[in-house]
Amino acid sequence: MRIPPLISNFEKFSDLKPTISIIVAIFNRKDELFELLNSLTAQTDREFEVIIVDDGSQVDLKPTIAKFEEFLQIKYFRKDNSGPGLSRNYGARRAENEWLVFVDSDVIVEKDYIESIKKSIVEIPCDAFGGADKAHKGFNLMQKAISYSMTSVFTTGGIRGNKNAVSKFQPRSFNMGIKKEVFEKVGGFSEMRIGEDPDLSMTLWENGFTTAFFDNIAVYHKRRVDFGKFSKQVYQFGCARPILNQRHPNYVKISFAFPTLFLLGYVLGFIEYFILGKGVILALFGLYTFMVLIHSMIVTKNIAIAGMAVISTYIQMFSYGYGFLKSWILLNVLKMKPEEAFPKHFHKV
């Protein structure tokens, strides 16, 4: 394990010294936790605390944490499983510093992560902030393909990795900071288990608070390691969006329905081909596929990743689109309450 010398460059650029509490809600993921903590030991600014909230893991995380207690200011708490949002709230209540920074347990941060956050807080006034996520050079090909799909202009519009892609940035909990006092005023994360981070962002806006994108604090996000798990994850994201639309009607966008229109268009294309003997719609999908392939090849500089990126892109669009369509029908046609339609998508309270 590489442990750098204690260095703090923050005094060079400001007398203001924002204090940081890193909060990690974790369920199992022992190996990922080791890599995250190892990256935190390499920080150029070592003035921060780390709060680990074990959400009822089935593996013992204490031996992993013990390896870093000499090098990091770590607080470890174990609680019954309730999901990530309530676990983050649990950690926030035990944080001592003025800024809460939430990261997922499956990320790795650059050595200037803390230093860059503090600089940006001083330079860009806001109540909450977020940063991008990207693939590390050490990730496997599938992880890089999935990372492309989640950040590509052809899928999400690039909103997860580009401050210019949206007019108001919604911080995501894999890389998100918020003033503790503001977090407490809005009640922290809600009971939602999926989509709890955009829910918090929109709640902040509704209460007059501001969010910002910090372009120098990107994290390396491992995400899911196979297409099956990735499909399930984005399906859940799709299910969450109509719920969010109900909770925050002022921030509904037609673009949220694009994956569902993509899915229905694909089905319509096959109907057109087999019934009418025409392939105009499928030809358009062929053009889309070609554009994704070329773009992902340019971005990743690897033809194997580009090929898998095409597959992960279709998985993302179809799974998210189906989840959105199912959720929209249950909520708006069958008039079910979100908790009834998706009981597993809400925390135990």
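For clarity, every value in this text was computed on a predicted model and none was experimentally measured.
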- Verdict with reasoning, F48 to V50, per side-chain contact (heavy atoms from CB on, under 4.5 Å): CA-CA 7 Å; F48 61 94; V50 182; 3.6 Å; yes

Side chain [X], main chain [Y], donor-acceptor under 3.5 Å:
X    : Y    : value
Q43  : S39  : yes
K335 : N332 : yes
N175 : A132 : yes
D226 : G228 : yes
S319 : I315 : yes
D45  : I114 : no
D199 : G195 : no
D197 : R172 : no
N302 : I305 : yes
T300 : S296 : yes

Hey, could you give me the [atom1]/[atom2] distance between [X] and [Y], rounded to the nearest 0.5 Å?
X    : Y    : atom1 : atom2 : answer
Q143 : D106 : CD    : CG    : 9.0 Å
S82  : E191 : OG    : CD    : 12.5 Å
Q58  : N81  : CD    : CG    : 8.5 Å
L100 : K180 : CG    : NZ    : 6.5 Å
K134 : K144 : NZ    : NZ    : 13.0 Å
T41  : N38  : OG1   : CG    : 4.5 Å

Group every Ile, Leu, Val, Met, Phe, Trp and Tyr by side-chain heavy-atom contacts under 4.5 Å, then state whether [X] and [Y] land in the same group.
X    : Y    : answer
I281 : M291 : yes
V24  : V107 : yes
I298 : I303 : no
I271 : L261 : no
V103 : I51  : no

Could you tell me if the side chain of [Y] sits less than 4.5 Å from the side chain of [X], heavy atoms only?
X    : Y    : answer
N245 : Y251 : no
D127 : T211 : no
Y235 : Y322 : yes
L72  : L40  : yes
Q233 : K229 : no
S312 : Y148 : no
V219 : I108 : no
N89  : F183 : yes

Shortest non-hydrogen contact from [X] to [Y]?
X    : Y    : result
G188 : L200 : O-CD1, 3.7 Å
A145 : A309 : CB-N, 3.6 Å
G307 : L293 : N-CD1, 4.1 Å
M176 : S173 : CB-CA, 4.0 Å
H345 : C239 : CE1-CB, 3.5 Å
F227 : M142 : N-SD, 3.8 Å

Taking atom types as modelled and ignoring hydrogens, do the side chains of [X] and [Y] form a donor-acceptor contact shorter than 3.5 angstrom?
X    : Y    : result
E206 : H248 : yes
T19  : W99  : no
T151 : D133 : no
E110 : Y220 : yes
S149 : T313 : yes

Above 12 or not: heavy atoms from other molecules or residues under 6.0 Å from [atom1] of [X]?
X    : atom1 : result
F290 : CZ    : no
I254 : CD1   : no
F209 : CZ    : yes

Between [X] and [Y], is the ring centre distance below 6.0 Å?
X    : Y    : value
Y113 : F214 : no
F262 : Y266 : no
F102 : F174 : no
F129 : F169 : no
F68  : F34  : yes

- Parallel under 30°, tilted from 30 to 60°, perpendicular over 60°: which one fits the rings of F285 and Y314?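 The arrangement is tilted - the two ring planes meet at 30° to 60°.
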
Can [X] and [Y] be counted as an ion pair, charged N to O under 4.0 angstrom?
X    : Y    : answer
D54  : K79  : no
E115 : K119 : yes
E196 : R88  : yes
E49  : K75  : yes
K118 : E47  : no

- Task: Could you check I22 against I20 for side-chain contact (heavy atoms from CB on, under 4.5 Å), going step by step and ending with a plain yes or no?
- Result: CA-CA 6 Å; I22 301 287; I20 303 292; 4.0 Å; yes

- Query: F256 ring centre to R241 NZ or CZ under 6.0 Å, with the angle to the axis within 45°?
  - Reply: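 Yes, R241 and F256 form such a contact.
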
- side-chain contact (heavy atoms from CB on, under 4.5 Å) assessment of Q246 paired with L331: CA-CA 9 Å; Q246 277 194 357; L331 300 184; 3.5 Å; yes

- Message: With side-chain contact (heavy atoms from CB on, under 4.5 Å) as the criterion, how do R193 and K344 come out once you've worked through the C-alpha distance, each side chain's angles and the decisive distance to 0.1 Å?
- Response: CA-CA 8 Å; R193 182 182 288 264; K344 293 183 179 180; 5.8 Å; no

- Name the one of D60, L61, D55 that satisfies side chain to side chain contact (heavy atoms under 4.5 Å, CB included) with S57?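 Answer to the side chain to side chain contact (heavy atoms under 4.5 Å, CB included) test with S57 among D60, L61, D55: L61.
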
